[in-house]
Structures are given as structure tokens and as C-alpha cells.
Amino acid sequence: SHSKIITLLNQSHNLKVQIIYNIPDKVTYPHFKVVAHLLSIAEQGREEKTLRVLDSWYLAKAKDYDSFLAKYPFSEDINKQSEKIAAMYEWTRKEDIKVTPTYFFNGYKLPDVYDIEELIYFLLE
């Protein structure tokens, strides 16, 4: 879905995207390191770099964290992002989100009958 979102962003310059990860706040969870790493980069506030890093991870044919880490070094304590990850996970539990990706538009869940690519038609109205 990453490439679909990027296409949508390129078609509508007024669109903003927020990624909420649906993983438990446990360092032993397989994706915890990746999510903490991505959040740390996004926290720097450099949108272009964040997009480049997200592309690098999500568009890679093989998801290899060690290679990713070598390309984008991560020097901070991995647990620093735990609070954010826990808050996102709690929100997904509260909102009963079990499937990813789940899309929201202006605070409303995009109905299952629509695909993310069709969102552009709503934006053009």
C-alpha cells in the first residue's frame, strides 16, 4: 500500500498522511526495531528524508533490517520510541483495528468497498 499512498500524495498536494503502527510495545516483537527506527527518523522532522527512508523500507524486495540499519544508522536507544509505539497500539485496540492497512480520511474509516486508489475521486470533489 506504500506505493499507492505515494501516488495519492503526488496527485493531491493538500493531502497529509499519518502512519499508525499496530504492533505491541515489546522489544522482542519482530517489527519493533523497524518501527522504532522509522519513528526516530520521522521525529527529526525532515520530510524528504523520511519519505526516502520509508521508500527504502517498504519498496525493498526483501525486508532485511541489518541492511537497512547499515544504510540508515540508528544510534539512539531503541526503547526511546516505546511510549509512542504503546500509544499507537492502544489506539488501534480502542478503535478495534485488527487489519492493516486500515485507511482513515478526515477521521473516518475508509469503507471496505473502496480502495485507497479511489480516494483521489473524493479529493477532487
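In this chain, residues are counted from 1 in sequence order. Just so you know, these numbers come straight off a predicted model, no measurement behind them.
Residue-environment remark: NZ (K84) exceeds the threshold of 12 foreign heavy atoms within 6.0 Å. At most 12 heavy atoms of other shown residues, nucleotides or ligands fall within 6.0 angstrom of atom OH in Y114.
Partners of P30 according to the side chain to side chain contact (heavy atoms under 4.5 Å, CB included) rule, which considers only residues two or more places apart in sequence or in another chain, do not exist here. Applying the salt bridge (charged side-chain N to carboxylate O under 4.0 Å, His left out) test to D66 and every residue at least two apart in sequence or in another chain returns nothing. In this structure, T7 has no side chain to side chain donor-acceptor pair (under 3.5 Å) partners at least two apart in sequence or on a different chain. With sequence neighbours left out, the side chain to side chain donor-acceptor pair (under 3.5 Å) criterion links N10 to no other residue. With sequence neighbours excluded, the residues forming a salt bridge (charged side-chain N to carboxylate O under 4.0 Å, His left out) with K109 are D112, listed by chain and number. Partners of Y58 by side chain to side chain donor-acceptor pair (under 3.5 Å), not counting sequence neighbours, listed by chain and number: Y21. By the salt bridge (charged side-chain N to carboxylate O under 4.0 Å, His left out) test, K98 is found to be paired with D96, residues two or more places apart in sequence or in another chain being considered. For D115, the salt bridge (charged side-chain N to carboxylate O under 4.0 Å, His left out) partners at least two apart in sequence or on another chain are K4. Residues meeting the side chain to side chain contact (heavy atoms under 4.5 Å, CB included) test with T92, sequence neighbours left out: I20, N22, Y89, I97. In this structure T102 satisfies the side chain to side chain donor-acceptor pair (under 3.5 Å) test with no other residue, sequence neighbours excluded. Shown here are the side chain to side chain contact (heavy atoms under 4.5 Å, CB included) partners of S82, two or more places apart in sequence or in another chain: D25, F32, N79.
Residues H37 and L69 are in side-chain contact: their nearest non-hydrogen atoms beyond the backbone lie under 4.5 Å apart. You'll find the side chain of Q11 stays beyond 4.5 Å of the side chain of E117, heavy atoms only. You'll find the side chain of Q81 reaches within 4.5 Å of the side chain of S40, heavy atoms only. Counting heavy atoms from C-beta outward, I5 and Y103 have side chains that approach closer than 4.5 Å. At least one side-chain heavy atom of M88 sits less than 4.5 Å from a side-chain heavy atom of L39.
Summarising the geometry of S3 relative to L59, their closest heavy-atom pair is CB-CD2, 4.2 Å, with the distance given to 0.1 Å.
A single hydrophobic cluster is seen to contain both I116 and V113, as judged by linkage of ILVMFWY side chains at heavy-atom distances under 4.5 Å, directly or through other members.
A centroid separation of less than 6.0 Å is found between the aromatic rings of F68 and Y72.
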Distance-only donor-acceptor hits, side chain of residues 49-57, under 3.5 Å, sequence neighbours excluded:
from	atom 1	to	atom 2	distance (Å)
K49	NZ	Q44	OE1	3.4
T50	OG1	R46	O	3.1
D55	OD1	H2	NE2	2.5

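Separation of atoms CD1 (I6) and OG (S1) is listed at 10.0 Å; rounding is to 0.5 Å.
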